[in-house]
Number of protein chains: 2
Amino acid sequence: MGEINIKMLALELNLSAATVSRALRDSYEISSETKARVIEMAKKLNYEPNPFASSLRQQKSKTIAVIVPAIANNFFSLAINGIEEVARARDYHVLIYQTHENSEIERSFLMRLSSGRVDGILISLASEEVDKRQLKEVSEKLPVVFFDRVHDDIEGVKITTDDYTSAYNAVQHLIENGCKKIGYLMALNSLSTGEKRLQGYLDALKNNGFPYQPDLIITNSGTVEQNYSLVRNFIAEQKPDGILSSIEDLAMPCYYACKDLKLTIPDDLKLISFSNLAHAELLNPSLTTINQPAFEIGVEAAGILFKIFNNRRYAFNETITLKSNLIKRESSMRAE
Amino acid sequence: MGEINIKMLALELNLSAATVSRALRDSYEISSETKARVIEMAKKLNYEPNPFASSLRQQKSKTIAVIVPAIANNFFSLAINGIEEVARARDYHVLIYQTHENSEIERSFLMRLSSGRVDGILISLASEEVDKRQLKEVSEKLPVVFFDRVHDDIEGVKITTDDYTSAYNAVQHLIENGCKKIGYLMALNSLSTGEKRLQGYLDALKNNGFPYQPDLIITNSGTVEQNYSLVRNFIAEQKPDGILSSIEDLAMPCYYACKDLKLTIPDDLKLISFSNLAHAELLNPSLTTINQPAFEIGVEAAGILFKIFNNRRYAFNETITLKSNLIKRESSMRAE
DNA sequence: TTTATTTACGTAAACGTTTACGGATAATCG
DNA sequence: CGATTATCCGTAAACGTTTACGTAAATAAA
């Protein structure tokens, strides 16, 4: 197609391509009259600069990548929302990749991105064992910011929430509401994020004089169906009177399982979950959640990335921790 | 940085850049021994081709854009999920943009994308009046596929659901369950999608001998708070005994409003909503939904786009309609 | 054996920008 | 008035690929 480019503009204006380019980039070397002429003509001819030529020459893309385990997830979609807003404000483009918790897919994305297609990467790690070498290699080439799903062993800037404290407080809350046998639905166990949540659970129990019972901890396993039977069996066999779930996808099955087992929440079983469900309030019963500031995490992560772009400092280790919110609702309430 | 490129590979292998390029693209002009040598060296040196140089030369980007009103939305995040999976299978990249239902933002995205940054666009229109001229201009330059939020006046390939029938059947269901005064919570009214849902509602009423009562139809208005008071006032004043909501964001307020007004769903008010809530089952009461095949819509839309890429036919008008599912739950059930 | 064809590669141009370098003119200064 | 400086613009190279065109050698056809 007869796409209009700088040379045509130059021809039309009796100027050199260099001058046109400089005028469009508002260079000080160009007189204001010429700038006006160029801009007018560019608008008239509907000129749109070729981003590839520009990226090739300048070695930057005005694009960032976001790698997440899944998009269709309340937490991640909110985080992406935040990221996109920040990016848009700076006229950056946002590429999206989902790993489906698979580190092999994750690795391949990272490899593909190391070509310079993006100026930086925002990543929330897959729960499978991560390829640290690959990650290190990429982060030497371009700035990488981790959010939520992080790994302490990997150097870099990280945006997280106070996972340990949140889990601790949630368990404390369950205990205060009378729970004697508190189960933990574990996930993300290969990540620091998961470790901290677990540790918060363990420490809260310990500090309240509860014994350590490994049987009260189960780990998620893939599919929705597997998770359901896992949770159902756990509740049926262990008969916990309180549960802290480290992810939403393990808490929802509790509702279904309790229905099936004719148990009522919170009377028979009190439930708290890390969750960004928009309408936890409307569940039956309403769900007590540890609500992560997902949108803000996205905003913060993207903000940091842009700061790095400006400062060119990207070989450092820093963790920014935002606070989650324990929102107490019916599912964890003591019977009156 | 000393990024490795084709010239370096060529130097290292005592070949020309052309040969290396051709070898990497598996050209028939290159002997298999040479190909092997090149591939080995490329792997050894961790060569990653520069996507901008390639895009510049080939005039294509291996990237598609997805424009949606919002990402943090059950329907759209599922659709994007489907799109991303299809794109990944073909080694394509996915750019994400959200319009926040603002047609000015939408317009500016379309403009930015007409530079050739992407090979095609998947778009779900903002509910504000769309800029048809801009859209037409873009779709003359590159293939555009519309999904869900479409406009019949705009030519192009469209993936939608059976909005009319779905709305019609939902109202029919409400009537069968005893509703006498059925309200409609309208949205997307500037789009065909919205018109069809409305028409389904209207026709179902008419065919059942119900009078046309404009007071029973209200239109959404921006913020969550505004929507809440709108819905609350509507229920308080009109006292409908049934409601069909054209979007999830207008149905949730019904729950809160009924709580506040001491009305019970479904006894005082039966409710059905277009919705892709993952756990409508767990609401109190569980919500009867018109569930759109969001993931499949994404897959279908992306699939069509790739077909267009291959056939180069992209000046036609075609609509593909997938079926939604009316999932009957407590919120619309007749009292026993 | 001569000619035609195939095979395997190299040369150089092209994609559309940006920018280092240079230069002409006009304004300023000593 | 000559020298310096500021202003404004052009020339050409560069970014890293891909590909049209050309060609030498090897093979096949005549």
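Naming: A, B, ... by sequence-line order, numbering from 1 per chain.
Listed by chain and number, the residues in a side-chain contact (heavy atoms from CB on, under 4.5 Å) with A/Asn14 amount to none (sequence neighbours excluded). Every residue two or more places apart in sequence or in another chain was checked for a side-chain hydrogen bond (donor to acceptor under 3.5 Å, both in side chains) with A/Thr321, and none qualifies. Partners of B/Leu78 under the side-chain contact (heavy atoms from CB on, under 4.5 Å) rule, at least two apart in sequence or in another chain, are A/Ala72, B/Asn276, B/Ala294. Evaluation of the salt bridge (Lys or Arg N to Asp or Glu O under 4.0 Å) rule for B/Glu129 yields no partner, not counting sequence neighbours. For the side-chain contact (heavy atoms from CB on, under 4.5 Å) test, residues two or more places apart in sequence or in another chain that qualify with B/Ile320 are B/Ile159, B/Glu300, B/Ile304, B/Glu318, B/Leu322. Among residues two or more places apart in sequence or in another chain, the side-chain contact (heavy atoms from CB on, under 4.5 Å) test is passed with B/Glu85 by A/Gln98, A/His100, B/Asn81, B/Phe295.
For residues 86-104 of chain A, the set of pairs meeting the salt bridge (Lys or Arg N to Asp or Glu O under 4.0 Å) definition, not counting sequence neighbours, comprises A/Asp91-B/Arg112, A/Glu101-A/Arg149, A/Glu104-A/Arg107.
Judged by distance alone, with hydrogens and angles left aside, the side-chain atoms of B/Ser61 form a donor-acceptor pair with the main-chain N or O of B/Arg117 at under 3.5 Å.
Read 5' to 3', the first and last nucleotides of DNA chain C with an atom closer than 4.0 Å to a heavy atom of chain B are C/dA8 to C/dG16.
Looking only at atom types and distance, the side chain of B/Glu128 has a donor-acceptor partner in the side chain of B/Ser103 under 3.5 Å away. Inspection of the B/Gln292 and B/Thr161 side chains reveals an N or O donor paired with an N or O acceptor under 3.5 Å.
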Can B/Thr160 and B/Ile297 be said to form a side chain to side chain contact (heavy atoms under 4.5 Å, CB included), step by step? CA-CA 8 Å; B/Thr160 63; B/Ile297 289 176; over 6 Å; no
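Heavy-atom minimum distance, B/Tyr47 versus B/Ile6: OH-CG1, 3.1 Å.
Note that CD1 of A/Ile96 and CD1 of A/Ile83 are 7.0 Å apart. Values are rounded to the nearest 0.5 Å.
Taking every heavy atom of residues 108-119 of chain B and every atom of DNA chain D, no pair lies under 4.0 Å. A heavy atom lying under 4.0 Å from DNA chain D marks none of the residues of residues 39-54 of chain A.
Ring planes of A/Tyr92 and A/Phe309: parallel class, angle under 30° (limits at 30 and 60°).
Classification of B/Lys141 and B/Glu137 as a salt-bridged pair fails, no side-chain N sitting under 4.0 Å from a carboxylate O.
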Short N/O separations, protein against nucleotides 4-9 of chain D, under 3.5 angstrom:
residue	atom	partner	partner atom	Å
D/dC9	OP1	A/Thr34	OG1	2.6
D/dC9	OP2	A/Ser31	N	2.9
D/dC9	OP2	A/Ser31	OG	3.4
D/dC9	OP2	A/Thr34	OG1	3.3
D/dC9	N4	A/Glu29	OE2	2.7

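Where the helix from C/dT1-D/dA30 to C/dG30-D/dC1 starts and where it ends, the local axes point in directions that differ by 40°; five pairs per end, rounded to 10°.
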